[in-house]
Amino acid sequence: MSIRVQHIAKRFGPFVALDDITLDFPTGELVGLLGPSGCGKTTLLRIIAGLESADHGQVFLDEEDASTAHVRDRQVGFVFQHYALFRHMTVFDNVAFGLRVKPRGQRPAESVIRTRVYELLDLVQLAALARRYPTQLSGGQRQRIALARALAVEPRVLLLDEPFGALDAKVRKELRRWLRQLHDALHITSIFVTHDQEEALEVSDRVVLMNQGRVEQVGAPQEVYEQPASPFVYSFLGAVNLFHGRVQDHHLHVGAGRLPVGHNGFPTGAEALGFVRPHELDIETNPAETTGIAARVERVLAFGPTARVELSGVERESSHIYEVELSRERVAALNLTNGQWVRLKPARIRLFAPEPRPAGPMPLPAGSLIGLDGEGI
Amino acid sequence: MGAAVATHWAARARRFEVNAATREPAWVKGSLITIALAFFGLFLLLPLVTVFAEAFRKGWQVYFAALVEPDALSAIALTLLVAAIAVPLNLVFGIAAAWAIAKFDFRGKQLLTTLIDLPFSVSPVIAGLIFVLLFGAQGWFGPWLIEHDVKIIFAVPGLVLATIFVTFPFVARELIPLMEAQGREEEEAAIVLGASGWQTFWRVTLPSIKWGLLYGVILCNARAMGEFGAVSVVSGHIRGRTNTLPLQVEILYNEYNFAAAFAVASLLALLALLTLVVKSLVEWRGRQPLNVGQESQGVSA
Amino acid sequence: MRAGKPHRVLPGFPLALGYTLVYLALIVLIPLSAVFLKSASLNWEQFWAVISAPRVLASYRVSFGLSLLAAAINAVFGLIFAWVLVRYHFPGKRIVDALVDLPFALPTAGAGIALTAIYAGNGWLGQWLEPLGLKVAFTPLGILVALIFIGLPFVVRTVQPVLEDLDTELEEAAASLGADRWQTFRHVLLPVLLPALLTGFALAFARAVGEYGSVIFIAGNVPLVSEITPLLIITKLEQYDYIGATAIAVVMLIVSFILLFLINGLQFWANRSRARS
């Protein structure tokens with residue numbers, strides 16, 4: 001079943017939680033709502049569930065306007081951040097709750113409920129724990145019970161609020177994979193909220209990036225990672241080096257240095273911000289090289305599959321830290337020493353206009369969307 | 001402060017009222033409020049209003065005459081005296097007990113905490129009785145006291161003892177959870193920084209418990225001044241000598257001098273209202289920063 | 001320092017604990033033990049004869065029966081009261097909230113004569129109730145009214161903080177699973193509130209059993225009908241029947257200790273189920 005929200009707006013006093021959100025969640029997809037805390041993602045999820053009411057806008061479930069329907073009647077499965085398991089009930093009773101509170105006419109017989117609950121407990125691989133209480137379970141087990149409980153009422157959509165937020169790193173990774181498999185098996189339209197970009201990119205069919213109550217970008221994980229639509233998306237999805245300068249002669253002039261940027265659509269003399277991921281930067285030790293940004297090697301971290309080099313440079317009179325990710329072989333070949341002056345050269349750079357974001361809704365400046373591939377090394 | 005707190009209170013309740021999952025139908029809400037307010041009016045407001053209404057029924061003159069009567073004045077003085085002895089003693093005890101229980105671990109702590117609560121579950125009448133058994137004419141120390149011409153029962157010391165007993169837990173009970181919640185890190189930091197034990201207490205512990213302490217003292221004082229059952233047993237009801245305000249109320253009432261009885265009772269009611277005002281101030285003061293935190297959490301969710 | 005003695009960074013432990021124990025012993029423990037020692041001067045048959053005399057038994061019925069009833073009424077209305085204070089906004093709420101503690105603060109003698117004035121035959125409510133055949137003052141019903149008055153804050157003040165701390169997620173989860181408000185209250189909220197509610201009930205009951213000041217004015221104090229146990233102790237004292245008074249006091253004290261033990265257990269349960277969330 002599909003979900004559509006149209007022109008959703010919500011304020012909490014002076015705080016704008018959601019600012020005219022319109023989104024489509026196609027049937028059967030697993031969509032990640034990603035953004036920093038306070039960006040409105042949880043509020044949007046709660047509005048879809050009917051736990052919160054929007055100031056404006058509509059929610060369509062299966063093309064049917066559900067904006068005024070009570071949460072009870074929306075048939076959505078909601079998995080809470082802290083699970084919200086009923087701690088005075090056993091695991092079995094928790095999962096059975098939704099079936100037992102159905103109106104008398106629709107309530108299945110206790111034997112049917114039993115079969116259904118055990119089916120679900122088998123699905124989440126916890127049938128052995130049916131008689132336990134929530135306090136006797138680990139965080140990961142509670143999360144799976146919460147999911148089983150939400151699925152028991154055969155919801156039309158599944159909404160998950162920071163489903164792995166309260167778990168430790170290892171359990172989190174396992175559960176992520178498990179959620180993805182579960183979704184592939186059930187194909188129920190699902191939305192999950194997270195502030196963890198790795199989680200969103202790894203699990204979702206599509207990612208919706210939100211910031212300050214607005215949608216920044218919607219796309220497949222690879223798409224948003226490789227073609228970020230805004231500076232926000234760029235910096236939110238992974239580490240990034242920033243170069244603040246002025247565009248001239250197909251170059252971004254940053255202090256005394258310059259970076260080749262090719263054809264870019266920026267008028268000559270325009271200010272621009274260059275975004276380069278650490279793995280897209282290379283280090284040039286040849287003193288004769290004139291392009292690139294001068295920087296001084298501060299630390300070489302040569303462990304793990306790749307090596308990282310931290311450098312400092314001077315950009316607009318203030319010091320600046322750069323991070324470069326290279327292969328171990330490349331670092332060995334460069335033979336860097338701390339304090340050595342080198343030049344940084346990007347393999348790929350993306351330019352955005354550096355305007356501060358105005359208070360109201362702002363369309364992204366078209367010019368800034370042009371991504372460039374710099375001259376390869 | 002007041003206005004901010006008021007809007008805050010409204011905001012908290014509204015959080016439940018706007019949420020579809022925590023909201024009741026209007027008729028349920030209306031009925032529950034009506035039931036609660038009716039209960040409130042019948043059992044709490046009406047008795048309070050009655051005290052003042054009856055006190056002034058025969059006019060201001062009768063009211064004031066009842067209060068400046070010598071027996072009433074000596075009852076006021078005695079009540080103040082008893083509270084002035086009992087409250088500081090229980091205050092010192094409360095601080096010592098809370099310091100030992102909240103800041104240290106030792107065996108039997110739970111039992112000690114329970115024993116401190118014991119006077120709350122003992123009938124005030126029994127609280128009076130135990131001192132009669134100890135110090136009364138037929139009591140354990142009775143013959144010795146008579147021999148040395150010391151009067152405890154039917155005299156002021158008995159009133160003080162009974163009052164200390166019934167108000168025993170108030171300060172300790174208020175401070176123990178408060179000091180337990182605050183932990184001992186701040187005190188340890190002070191000691192590490194070179195402060196002495198007293199300096200640590202005065203400069204670190206006391207400032208952070210002062211509102212709870214005030215609340216405990218206020219409640220302790222209200223009970224000390226208003227205690228009836230326990231002092232009734234040990235007082236002997238000697239007019240002008242061993243009659244506290246509540247006992248004076250009883251005597252006047254039993255003499256069918258209702259206006260005077262209610263006039264004296266109105267003093268006690270005023271004390272109660274003052275206690276409630278201070279208590280509310282202390283609570284709002286203590287609660288406020290916490291609430292602001294909760295609210296900002298709510299917004300960021 | 002002896003081996004095994006914990007190292008204490010903060011000073012003052014021996015002084016504070018020592019003072020606490022001495023003061024506790026002098027004011028509470030030794031005087032209370034006097035009751036038990038005094039009653040030991042009776043043998044079992046004598047003791048039993050005193051505490052099971054018809055007038056005494058009748059007073060237990062009045063005291064414990066009405067206290068139980070008052071605590072039950074307070075549990076129901078106190079829960080509604082706490083719910084309304086936490087969940088709804090209405091004008092004057094702050095004053096209502098502050099006045100809930102009135103029975104804690106208002107001296108019992110004042111409350112006693114005020115309730116009597118209200119429910120006496122010529123009182124504000126009495127004059128309307130008596131023609132209907134409902135005599136409140138000077139009957140057991142009057143005792144019930146006084147016990148409801150003094151017990152109400154115990155229930156409200158134990159339930160209120162638990163309601164305030166309650167995570168809305170639980171109710172949201174129940175609603176998203178299709179439960180209506182009553183089902184949510186019955187199956188989700190009530191079990192969570194139950195420990196606090198029972199604690200409040202037990203506290204109100206314990207207070208009511210020992211209550212004296214607010215009851216004696218309105219009770220009428222008719223032996224076998226409206227005489228409470230604490231009053232019986234005083235009556236015996238006034239007749240210089242110290243042994244008799246002490247024997248009855250022992251019965252009441254034992255009940256108090258059992259209640260205290262029970263309340264401690266309940267509070268432990270309540271705290272634990274709150275901490276588990």
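Per chain, numbering begins at 1; letters A, B, ... match sequence-line order.
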Mind listing the closest non-hydrogen atom pair of [X] and [Y] along with its distance?
X: B/L268; Y: C/P107; result: CB-CG, 3.5 Å
X: B/I126; Y: C/A249; result: CD1-O, 3.7 Å
X: C/L106; Y: B/A269; result: CD1-CA, 3.6 Å
X: B/T50; Y: C/A117; result: CG2-CB, 4.0 Å
X: C/M252; Y: B/S123; result: CE-CB, 4.3 Å
X: C/A16; Y: B/A96; result: CB-O, 3.4 Å

Under a 4.5 Å heavy-atom cutoff, which of [options] has the most pairs with chain B?
options: C/G110, C/A173, C/A109; answer: C/A109
options: C/A114, C/A206, C/A175; answer: C/A114
options: C/I118, C/I30, C/V35; answer: C/I118
options: C/V255, C/L99, C/T246, C/L15; answer: C/L99
options: C/E211, C/K38, C/E238; answer: C/K38
options: C/F261, C/F104, C/F217; answer: C/F217

Next on the checklist: Taking the ring centre of each residue, are C/Y88 and B/F16 less than 6.0 Å apart?
Outcome noted: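 No; B/F16 has its ring centre 6.0 Å or more from that of C/Y88.
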Checklist entry - Between C/F77 and B/F39, does the ring centroid distance fall short of 6.0 Å? => result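 Close enough - the centres of the two rings lie under 6.0 Å apart.
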Chain B contact via [X] - which portion, at a heavy-atom distance below 4.5 Å:
X: C/F185; value: neither
X: C/T229; value: neither
X: C/N264; value: side chain
X: C/L29; value: side chain
X: C/V145; value: both
X: C/I113; value: both
X: C/I27; value: both
X: C/W182; value: neither
X: C/I263; value: neither
X: C/R181; value: side chain
X: C/F36; value: neither
X: C/A34; value: both
X: C/L21; value: side chain
X: C/F257; value: side chain

Next on the checklist: ring pair (Phe, Tyr, Trp, His ring centres under 6.0 Å) for C/F13 and B/F104? Distances and angles first, verdict last.
Outcome noted: CA-CA 7 Å; C/F13 178 66; B/F104 299 92; 4.6 Å; yes
Item to check | B/V233 vs C/I234, side-chain contact (heavy atoms from CB on, under 4.5 Å): CA-CA, chis, key distance, verdict | outcome: CA-CA 7 Å; B/V233 174; C/I234 288 202; 3.7 Å; yes
Item to check | Main-chain N/O of B/S121 paired to C/S256 side chain as donor or acceptor, under 3.5 Å | outcome: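 Judged by distance alone, yes, a pair lies under 3.5 Å.
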Please identify, among [options], the residue contributing the most non-hydrogen atom pairs under 4.5 Å to chain C.
options: B/L247, B/V264, B/L134; answer: B/L134
options: B/W140, B/F131, B/F262, B/W99; answer: B/F262
options: B/V249, B/L118, B/V122; answer: B/L118
options: B/M225, B/K279, B/K103; answer: B/K279
options: B/T114, B/T275, B/L245, B/D117; answer: B/T114

Item to check | More than 12 heavy atoms of other groups within 6.0 Å of B/L270 CG | outcome: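 Yes.
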Checklist entry - Any chance OH of C/Y240 has more than 12 other-residue heavy atoms, nucleotides or ligands included, within less than 6.0 Å? => result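 Count not over threshold, so no.
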Using 0.5 Å steps for rounding, measure from the [atom1] atom of [X] to the [atom2] atom of [Y].
X: C/Y23; Y: B/I116; atom1: OH; atom2: CD1; answer: 11.5 Å
X: B/L133; Y: C/L32; atom1: CG; atom2: CG; answer: 10.5 Å
X: B/L45; Y: C/I95; atom1: CG; atom2: CD1; answer: 10.0 Å
X: B/L32; Y: C/L79; atom1: CG; atom2: CG; answer: 9.5 Å
X: C/D101; Y: B/L219; atom1: CG; atom2: CG; answer: 7.5 Å
X: C/L10; Y: B/E186; atom1: CG; atom2: CD; answer: 11.5 Å

Counting only non-hydrogen atoms closer than 4.5 Å, does [X] touch chain C with its backbone (N, CA, C, O), its side chain (CB onward), both, or neither?
X: B/E187; value: both
X: B/F93; value: both
X: B/L115; value: both
X: B/N19; value: side chain
X: B/Q110; value: side chain
X: B/A265; value: side chain
X: B/S232; value: side chain
X: B/V92; value: both

Next on the checklist: Could you walk me through whether B/Y253 and C/T116 satisfy the side-chain contact (heavy atoms from CB on, under 4.5 Å) test, starting with their C-alpha distance in whole Å, then the side-chain angles of each, then the deciding distance to 0.1 Å, before giving a yes or no?
Outcome noted: CA-CA 11 Å; B/Y253 191 84; C/T116 313; 3.2 Å; yes
Item to check | Evaluation steps, side-chain contact (heavy atoms from CB on, under 4.5 Å), between B/L37 and C/F90 | outcome: CA-CA 10 Å; B/L37 287 183; C/F90 53 90; 3.9 Å; yes
Next on the checklist: Would you call the rings of B/F228 and C/Y212 parallel, tilted or perpendicular, taking 30° and 60° as the class edges?
Outcome noted: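 Rings of B/F228 and C/Y212: parallel, under 30°.
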Next on the checklist: Is there a side-chain contact (heavy atoms from CB on, under 4.5 Å) between C/L24 and B/L112? Walk through the geometry before answering.
Outcome noted: CA-CA 9 Å; C/L24 178 71; B/L112 181 59; 3.7 Å; yes
